[in-house]
Amino acid sequence: MSPHSAGRNSGEPQQLSLLQGFPASAAQASKTAQASGPALAAHLPVARVLIESSLPHLDRPFDYSVPATLDAAARPGVRLKVKFNGQELPGYLLERTDVSDAGHPLVPLHKVVSSVPVLTPAVADLAGRVAARYAGTVSDVLRVAVPPRMARLEKEFAPDGLLDPGLFGSDSAWALPRPGTASAWAAYRNGPAFLSHLGAGECPRAVLTALQGYGPGGWPRMVAEAVAAVRLSGRGAVVVVPDYRDLDRVESALLELLPPDDVARLTADDGPTPRYRSFLRLLSGAAGVAVGTRSAAYAPVRNLGLVVCWDDGDDLHIEQRSPYAHSREVLLLRAGLEGAGCLLAAHSRSTEAERLVGSGWARPVEAERSVVRRTVARVLNTADSFELERDPLARIARLPGAAWRAAKEGLERGPVLVQVARAGYAPSLVCESCREPARCPVCSGPLAIAGPSAGTPVPQCRWCSAQAPAWRCGTCNGVRLRRGATGALRTAEELGRAFPGKPVITSSGDQVKATVPDAKALVVATVGAEPVAPGGYAAALLLDGDSLLRRENLRAGEDAVRRWFNAAALVRPAPEGGLVVITADDAAGVGALLRWDPAGYAGRELALRQELQLPPAVRVASITGGRTAVGHFTEAVQQRLAAQGTVLRVAGPAPLVLAAAGTGRNARTPGPREYGDEVRTLLFVPYAQAAGVTAALRAVKAAAAAKRSDYPVQLRLDGVDVL
C-alpha cells in the first residue's frame, strides 16, 4: 500500500468495533501524529471509512483525519469521497474516534458528498454479517442496501442534513381492522397466537403454509394483518416479495389497514426517484413499514419488530450480483441482530423453511385438515391407475381426456387456468428421424420457431438469431424437424381451436399479466406467470409436469411442487366446484398435491438431503473459473483449513457445461461463450464449520486479488443452480 494512502495496518485485527463485521483498531494508547495540513476537528478527529470497492483486499475500514471544515458534516453514515492511492473514491463514514493505529500521518477527508446519514449502524452491521456469510465484500452488499443518491430530494427534505418526518406526509392516526372483523389467521393452528404475540411486543418466529391465493382471505391479507399487529406495539416491519405483481397485491392489502404515509414501497422497477423518496421516508421515521423486492430486506426501518418473506423458494429472491445473497437469509440474519419476529410464508414449504421448523427455531402455522378440505380445490391426476384404465392414451397425450373435460366444464362457470412449462411458440426443435436436438449451423445454438406464420415456419437460432431454412441433421442427415417442446403461444393456439368461441389469454415471457377478469376464458400461463382471478379460477390444468421434473437440478422436484401449489391455490374451493388436473407422473410430488400436504413433501425431501449430506443439510461453496486458477484457489483454501483442523468434502474440478437455467418467467438460455474450458469445484460445508470456512474463503479471495497472480475465479455460496 502506498505510504500516501490512508490505510491502517494490514495485519489481522485484534478486536471488533461496534459495527460487527468490520475490523477495528488494535491500539488506542496514544494520539496519532498528524502531518502538516488543514486544522483538524477538535473532537473525534479520526474517521473510519469504508471505501466503495469490490476488491476483496480493500474490504476493511481505513482511517482518515477529519478537517475542522468538515467537522459538522462528517457524521457516521454519510456518503463522502476520499483520496486513495492517488484516486478519488466514494465511501461511507462508519464512525469517528479519538485515535488511530495506522502508524503514519493520516490523509484528510476530501469531501462530504451528502450530510444525510444514509447508512445506519443496524444496516452496516447487517451488511457485514451478510458479507461474512456469503464470503463477499461489504461494499457489494451496500450497493444493494443503499439506493443511489438523488440530490434534489435531499435538498427538498433535508437541506441541513436532518430529515424531518413531517415533510414526508401527515402524522395522521391509523387504526387496526374494525372490531368484529374476522381475521384470516383464525382458521390456522397457531395463527391467532402468532398475532397476539406480535401485538404484545414479542418476537415470535413462524412458517406459514397459506391455503388461498386470491380474494379477501388470501395471503396478502394475512401478511397485512401480521404487519398491523406489530405496528400496534409501536414497532416497524419489513416485507419482501419476489416480484412486482406480489408487491402490488401486498401493498394494496397493507393500505386497507394502514394509512398511506406509513407504508413505503421499495423496488428498483419504480425508478430511482420514487425509490429514494421511500428510502428517506423510512430513514426519517415518517414510514414504519417497508414493502418491496430483494433490496427491501435492508430497509432502514426504525425499531424493527417483524420481517416477512413471501414464497422464499422463488429464485427471484436471490440477488443477481455478488455476493448473491438470498433475501430469506438476509432477513433471518436481521431478525437475529435486531431481535425482531420472523414470518416465512408460502403456499408450499421450502426445505430451508422445513429445516427451521424441524430444529425448533420457528413454529409451523397450518390449517386443520377439515379447513383444508373445504378451502382448497379437488385435485385429479391423469397418470394414476384409475384414469389410465379409462383413458389408456392419457400417459402420452399432452391434454388427456380428463383435462379436456375439466376445461370444458370449468368454462361454463368461469376462467380456466392452463399452466405450461415453456414460453414462446416452439422453444425447442428436434430431428424427426433421430430426435437429436436441432442446432444452428452458424454457432451451434438451439433452434426454435418464434411463432405461427402463413407458410412454412423458418427455424431461428435462440443464440445468434440466424435463420436456418436449409437445416440438415448432423447425426442422421435428416432434413425434417418436429417440436421438442410446446410453448405457451402454441398451446394457446391449439386450445383456441379446441374451444371455439372462447377467448384465450396468454401470460408469459415479456407479456406477464397480474390479473384477469372473472369472465369465461382460457388463461394460458407459464409457470410463475399465472395471473390472479379475483373470484378464483373454476379449474386449472397443470401441463408439462414431467418436463419440470426432468430438469437436471437438485431442486427440480421441490421447485415443481412449489409451482403446482402456487397455481392450485388460485382455484376455487372444492365445494364450489374447483378442480385441478395435473398430468405429471411422479408419486411423491403429485401425491403431496393430491393430499395438499406441502409440509410432508418438504420433510421427505429434507430427510433425503440430510442422508446424502446435500443442501440445505449442509452449505455448498462453488469455485468456478479456469482449471489452473480453480486448482490454486482450492489448494490455498484447503491449506488454510488444514491448519485449523478442518477437512471438507470436495467434488471436482469438473468441466462446466451450463444448460438452460429455469423455465417460464425465469428462463435463460446460455450464450455460445458459456460453453468453454472452465471448471467448477464444490466444497460441502457443515453448518458447525461454516463460519471458519467462509472466513478462509474470504481471506484467500482477498490474497489472490491483491497478488493478481491468477485469473480471477467466481466464488458463490449456497447457489441453487450448482447442483
Side-chain angles (χ1 to χ4, degrees), residues 210-221 223 241-253 267 269 293 310-311 313-316 346-348 376-377 403 406-407 410-411 413-425 487-496 499 502-545 548 560 562-573 576-582 662-667:
L211 297 179
Q212 191 170 312
Y214 68 94
W219 65 267
R221 175 70 180 195
V223 170
V241 296
D243 62 17
Y244 75 94
R245 295 179 301 142
D246 295 330
L247 176 56
D248 291 340
R249 297 183 64 196
V250 174
E251 185 182 23
S252 298
T267 175
D269 294 336
T293 49
W310 168 252
D311 200 7
D314 196 320
D315 56 8
L316 290 179
H347 293 305
S348 60
V376 303
L411 284 172
R413 304 190 305 273
V416 174
L417 174 66
V418 182
Q419 183 193 69
V420 297
R422 305 288 294 273
Y425 189 81
L489 297 181
R490 175 65 179 179
T491 302
E493 183 181 278
E494 294 174 348
L495 290 174
F499 298 95
K502 299 295 184 182
V504 180
I505 303 172
T506 60
S507 176
S508 65
D510 297 332
Q511 303 296 325
V512 176
K513 295 177 174 58
T515 60
V516 292
D518 285 329
K520 300 175 181 179
L522 287 162
V523 181
V524 181
T526 51
V527 287
E530 301 90 352
V532 177
Y537 289 98
L541 313 181
L542 309 182
L543 308 181
D544 304 335
L548 293 175
R562 181 184 67 83
R563 296 177 187 276
W564 293 339
F565 273 100
N566 286 351
L570 300 177
V571 183
R572 299 168 186 171
E576 299 178 15
L579 177 63
V580 176
V581 179
I582 185 169
T663 56
R665 62 175 177 177
N666 301 322

**Q** Measuring from atom CZ of R563 to atom OG1 of T526, what distance do you get when rounded to the nearest 0.5 angstrom?
**A** 8.5 Å
**Q** Enter the distance from R422:CZ to L548:CG here, rounded to the nearest 0.5 Å.
**A** 10.0 Å
**Q** Got W564 and V580 here, is their nearest side-chain heavy-atom distance under 4.5 Å?
**A** no
**Q** Determine whether a donor-acceptor pair (N or O, by modelled atom type, separation under 3.5 Å) exists between the side chain of R249 and the backbone of P220.
**A** no
**Q** Does any part of the side chain of D311, heavy atoms only, come nearer than 4.5 Å to the side chain of R562, both counted from C-beta?
**A** yes
**Q** If you take all heavy atoms of A406 and A539, which pair is closest and at what distance?
**A** O-CB, 3.9 Å
**Q** Are the side chain of D518 and the backbone of G535 linked by a donor-acceptor contact shorter than 3.5 Å?
**A** yes
**Q** Just do the side-chain contact (heavy atoms from CB on, under 4.5 Å) check on L417 and V571 with the steps written out, would you?
**A** CA-CA 8 Å; L417 174 66; V571 183; 5.6 Å; no
**Q** With rounding to the nearest 0.5 angstrom, report the CG to CG distance, D269 to L247.
**A** 8.5 Å
**Q** CD1/I582 to CG/L543 distance, rounded to the nearest 0.5 angstrom?
**A** 9.5 Å
**Q** Ignoring hydrogens and geometry, is there a side-chain-to-backbone donor-acceptor pair from S507 to A525 under 3.5 Å?
**A** no
**Q** Under 30°, 30 to 60°, or over 60°: which ring-plane class applies to W310 and H347, parallel, tilted or perpendicular?
**A** perpendicular
**Q** Measure across P531 and L570 and return the closest heavy-atom pair with its distance rounded to 0.1 Å.
**A** O-CD1, 3.6 Å
**Q** Minimum heavy-atom separation for R572 to G536, with atom names?
**A** NE-O, 3.1 Å
**Q** Any idea which heavy atoms bring Y214 and P573 closest together, and the distance?
**A** OH-CD, 3.3 Å
**Q** Identify the heavy atoms of V504 and G496 that sit nearest to each other, and give their distance.
**A** CG2-CA, 3.9 Å
**Q** Mind checking what makes ring pair (Phe, Tyr, Trp, His ring centres under 6.0 Å) contact with F499, not counting sequence neighbours?
**A** W404
**Q** Can you tell if the side chain of E494 reaches within under 4.5 Å of the side chain of R490, non-hydrogen atoms only?
**A** yes
**Q** What distance do D246 atom CG and W219 atom CH2 have between them, rounded to the nearest 0.5 Å?
**A** 4.5 Å
**Q** Taking all non-hydrogen atoms of both residues, which atom of E576 and which atom of R413 are closest, and how far apart?
**A** O-NE, 4.4 Å
**Q** Using the test salt bridge (Lys or Arg N to Asp or Glu O under 4.0 Å), find all partners of E251 that sit at least two apart in sequence or belong to another chain.
**A** R265
**Q** May I have all residue pairs that pass salt bridge (Lys or Arg N to Asp or Glu O under 4.0 Å) and include part of residues 528-544, sequence neighbours excluded?
**A** R398-D544
**Q** Checking side chain to side chain contact (heavy atoms under 4.5 Å, CB included) against V416, which of L522, V523, L579, V524 comes through?
**A** L522
**Q** When rounded to the nearest 0.5 angstrom, what is the spacing between OG1 in T491 and CD in Q419?
**A** 11.5 Å
